[in-house]
**Student:** 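Pasting a structure below so you can have a look.
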Amino acid sequence: MTNALKVAVLPGDGIGNEVTPAAIAVVERAIAVTGGPGLFTETLTAGAQAYLDTGTALSDEVKRAAEAADAIYLGAMGLPAVRYADGTEITPQIDLRFLFDLYAGVRPTRAIPGVPTPLADPRAADIDFVLVRESTEGLFASLGKGVVENDAVARDFQVITRATTEKVSRFTFDLAARRAAARPGHAAKVTLIDKANVFASFAFMRKVFDEVASTYEGIAAERLYVDASTLTFVGKPWTFDTIVTENMFGDILSDLAAALVGGMGYAPSADIGDAHAVFQPAHGSAPDIMGTGKANPTAAILSGAMMVEWLAERHDIAAYADAARLINRAVDAAFAGGGLLTCELGGSAGMRQVTDAVLAAIDAPATIRAAG
Ligand code: ATP
């Protein structure tokens, strides 16, 4: 019998403090329904407000507690008005990626039936892909190291390494294989998005990707230039399966992907390494809606499902795999029929309504049967 697993919970700033309790409540309820071992949660303080209060955004104590936990759940961090002297924002969520070598930024994009999409084509209902954003190098390797010379020239730089490109490519091919196994009749495909026609670093990334691709039989490999890829994102995103890309491109394209399925409130994410993982909604702290009750907790709840699924695999807990499926089914059940329209899409459903609908669906026998 597995002992209670420990989750370090960092609600962070702005709506992070609102969506995190909702997501944890949903996770705990789903685990209770499926009979899994209970989670022990430890709430930790970090982020822009912590920086204002204590002068440190991510203390050593918080780092140690996060490292000791079985998983890390993060709400959202950063506030536009709170900045370092060079004008950049406080981003401990990015620091955690470097600290724990969380190289795979996993961003699932799935059309939830009943949630409006901006695309008129009915095939938009079939949008279901995962973008893997390399999260420790690329242009972000320059974080904190960029220079401005004589108020005349500014320089940042990009790093692409063989080791990380191999790891993140393998991660994406393995993910494509798992997705195909779970979906009978579904053909696995990995799309690399780069700018290999212009930059040496991207040409190298493509070469390493190709080497990894040649070791995976039965999974199609495709390569797109980032500019051309935007046409596919808007024109026929349902043709994507899994995508792997550089950090900055992934940052931009994952927001574009979120817009296809309802916006940031519907975009979950996980930053995964070999030993640790951080789960958080892809959105930021959204100070424009903080405290209004309008924040959509769906992305946070789906990130909770990703955490439970990851823990299920690592600790071989079948009830956790069931709980992850139950949460995903409950989200689908809550939005089915289009009656639950969230504020950012012109409706009136906010935090409370969405959380209550998902919690009710988790307890509904029909959802439990569908997840089983
Ligand atoms: P970051 O730089 O940390 O990614 P950001 O400043 O780019 O953050 P967000 O904080 O994600 O942006 O907010 C972008 C827009 O999306 C805002 O108008 C915000 O209100 C909206 N938004 C973000 N998250 C949600 C949510 N969960 N529910 C509803 N609207 C949201």
Side-chain angles (χ1 to χ4, degrees), residues 10-26 46-51 57-58 73-84 87-97 105-109 112 115-118 131 133 135 139-140 143 247-271 278-306 331 334-335 340-358:
L10 288 79
D13 298 306
I15 65 166
N17 290 299
E18 301 167 26
V19 297
T20 301
I24 298 298
V26 167
Q49 189 60 48
Y51 178 76
L58 187 66
Y73 187 92
L74 200 150
M77 286 186 188
L79 291 169
V82 185
R83 291 174 186 257
Y84 293 119
T88 59
E89 273 190 46
I90 315 280
T91 52
Q93 69 277 27
I94 301 180
D95 301 337
L96 286 171
R97 294 174 195 155
V106 181
R107 311 284 173 95
T109 301
I112 298 172
V115 176
T117 151
L131 184 148
R133 162 188 177 185
S135 296
L139 190 55
F140 279 68
L143 187 75
N247 207 341
M248 183 69 169
F249 289 167
D251 188 26
I252 299 164
L253 294 174
S254 57
D255 275 23
L256 169 57
L260 300 172
V261 294
M264 298 311 292
Y266 295 91
S269 84
D271 293 318
V278 174
F279 299 84
Q280 69 170 124
H283 60 73
S285 59
D288 54 333
I289 55 165
M290 129 184 134
T292 65
K294 289 183 179 172
N296 177 1
T298 308
I301 290 169
L302 293 173
S303 305
M306 292 175 80
V331 167
F335 286 102
L340 189 71
L341 192 62
T342 52
C343 300
E344 76 267 45
L345 295 173
S348 57
M351 267 294 304
R352 202 58 272 155
Q353 292 81 351
V354 174
T355 308
D356 287 350
V358 174

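Remember, it's 1-based here, ligands and their atoms both numbered in the order they're listed.
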**Student:** Looking only at atom types and distance, does a side-chain atom of D13 sit under 3.5 Å from a main-chain N or O of S285, one as donor and one as acceptor?
**Tutor:**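 Such a contact is absent between D13 side chain and S285 backbone.
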**Student:** Students should be able to answer this: which protein heavy-atom is nearest to atom 14 (C) of ligand 1, and at what distance?
**Tutor:**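 The closest one turns out to be M264 CG, 4.8 Å.
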**Student:** So is there a nitrogen or oxygen of N296 less than 3.5 Å from a nitrogen or oxygen in ligand 1?
**Tutor:**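 Yes: some nitrogen or oxygen of N296 is under 3.5 Å from one in ligand 1.
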**Student:** Mind running side chain to side chain donor-acceptor pair (under 3.5 Å) on Y266 and T342 for me, showing each step along the way?
**Tutor:** CA-CA 10 Å; Y266 295 91; T342 52; 2.7 Å; yes
**Student:** Should V261 and V115 count as side-chain neighbours, where that means a heavy-atom distance under 4.5 Å?
**Tutor:**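 A side-chain contact is absent here, since even the closest heavy-atom pair is not under 4.5 Å.
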**Student:** In terms of atom number and element, which parts of ligand 1 are under 4.0 angstrom from non-hydrogen atoms of G265?
**Tutor:**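 Within the 4.0 Å cut-off of G265, ligand 1 contributes 26 (C), 27 (N).
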**Student:** Is the contact between E344 and ligand 1 made by the side chain, the backbone, both, or neither, using heavy atoms and a 4.0 Å cut-off?
**Tutor:**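 Answer for E344: side chain.
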**Student:** Side chain, backbone, both or neither: which applies to D288 and ligand 1 if a contact is any heavy-atom pair less than 4.0 Å apart?
**Tutor:**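 The side chain, only.
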**Student:** I need the atoms of ligand 1 closer than 4.0 Å to a non-hydrogen atom of A295, numbered in the order shown.
**Tutor:**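 This gives 28 (N) as the contact atoms.
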**Student:** In the complex you have, is atom 2 (O) of ligand 1 within reach of the protein, judged by whether a heavy-atom distance drops under 4.0 Å?
**Tutor:**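 Within 4.0 Å: no protein heavy atom nearby.
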**Student:** Counting only heavy atoms closer than 4.0 Å, does ligand 1 sit against the backbone of P287, its side chain, both, or neither?
**Tutor:**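 No part of P287 is near ligand 1 at this cut-off.
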**Student:** For F140, which residues count as a ring pair (Phe, Tyr, Trp, His ring centres under 6.0 Å) partner, sequence neighbours excluded?
**Tutor:**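 Counting only residues at least two positions away or on another chain, F140 forms no ring pair (Phe, Tyr, Trp, His ring centres under 6.0 Å).
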**Student:** If you apply the rule side-chain contact (heavy atoms from CB on, under 4.5 Å), what do you find for V354 with T298, and how did you get there?
**Tutor:** CA-CA 7 Å; V354 174; T298 308; 3.6 Å; yes
**Student:** Looking at every heavy atom in both M77 and G12, which two are closest together, and how far apart are they?
**Tutor:**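 Smallest interatomic distance, heavy atoms only, reads CG-CA, 3.9 Å.
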**Student:** Verify, without hydrogens or angle tests, whether S269 (side chain) and Q280 (backbone) share a donor-acceptor contact under 3.5 angstrom.
**Tutor:**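 Looks like yes, one N/O pair under 3.5 Å.
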**Student:** How about atom 11 (O) of ligand 1: does it have a protein heavy atom within less than 4.0 Å?
**Tutor:**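 Flag for atom 11 (O) of ligand 1 set to true, protein heavy atom closer than 4.0 Å.
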**Student:** Just going by heavy-atom distances, which of T342, T298, I289, V354 is nearest to atom 29 (C) of ligand 1?
**Tutor:**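 Residue with the shortest heavy-atom distance to the ligand atom: I289.
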**Student:** With side chain to side chain donor-acceptor pair (under 3.5 Å) as the test, pick out the partner of D271 among R107, R97, Q93.
**Tutor:**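 It is R97; the other options fail the test.
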**Student:** Determine, using heavy atoms of G78 and all atoms of ligand 1, whether some pair is separated by less than 4.0 Å.
**Tutor:**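 For ligand 1, residue contact (heavy atoms, under 4.0 Å) with G78 is absent.
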**Student:** List ligand 1 atoms under 4.0 Å from A286, heavy atoms only on the residue side.
**Tutor:**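 In order of numbering, the contacting atoms are 10 (O), 19 (C), 20 (O), 23 (C).
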**Student:** Considering only non-hydrogen protein atoms, determine which one is nearest to atom 23 (C) of ligand 1 and report residue, atom name and distance to 0.1 Å.
**Tutor:**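 Answer for atom 23 (C) of ligand 1: H283 CB, 3.7 Å.
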**Student:** Determine whether the side chain, the backbone, both or neither of I15 has a heavy atom under 4.0 Å from any heavy atom of ligand 1.
**Tutor:**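 Answer for I15: side chain.
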**Student:** So which heavy atom on A349 is nearest to which on L340, and how close?
**Tutor:**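 Minimum heavy-atom separation between A349 and L340: CB-CD1, 3.8 Å.
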**Student:** Return the closest protein heavy atom for atom 8 (O) of ligand 1 as residue, atom name and distance.
**Tutor:**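 Here the nearest protein heavy atom works out to G284 CA, 3.5 Å.
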**Student:** With a cutoff of 4.0 Å, is A299 in contact with ligand 1, counting heavy atoms of the residue only?
**Tutor:**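 The answer is no, since A299 has no heavy atom less than 4.0 Å from ligand 1.
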**Student:** Using the rule given for side-chain contact (heavy atoms from CB on, under 4.5 Å), can you reason through L74 versus F279, listing the C-alpha separation, both sets of side-chain angles and the distance that settles it, and then say yes or no?
**Tutor:** CA-CA 6 Å; L74 200 150; F279 299 84; over 6 Å; no
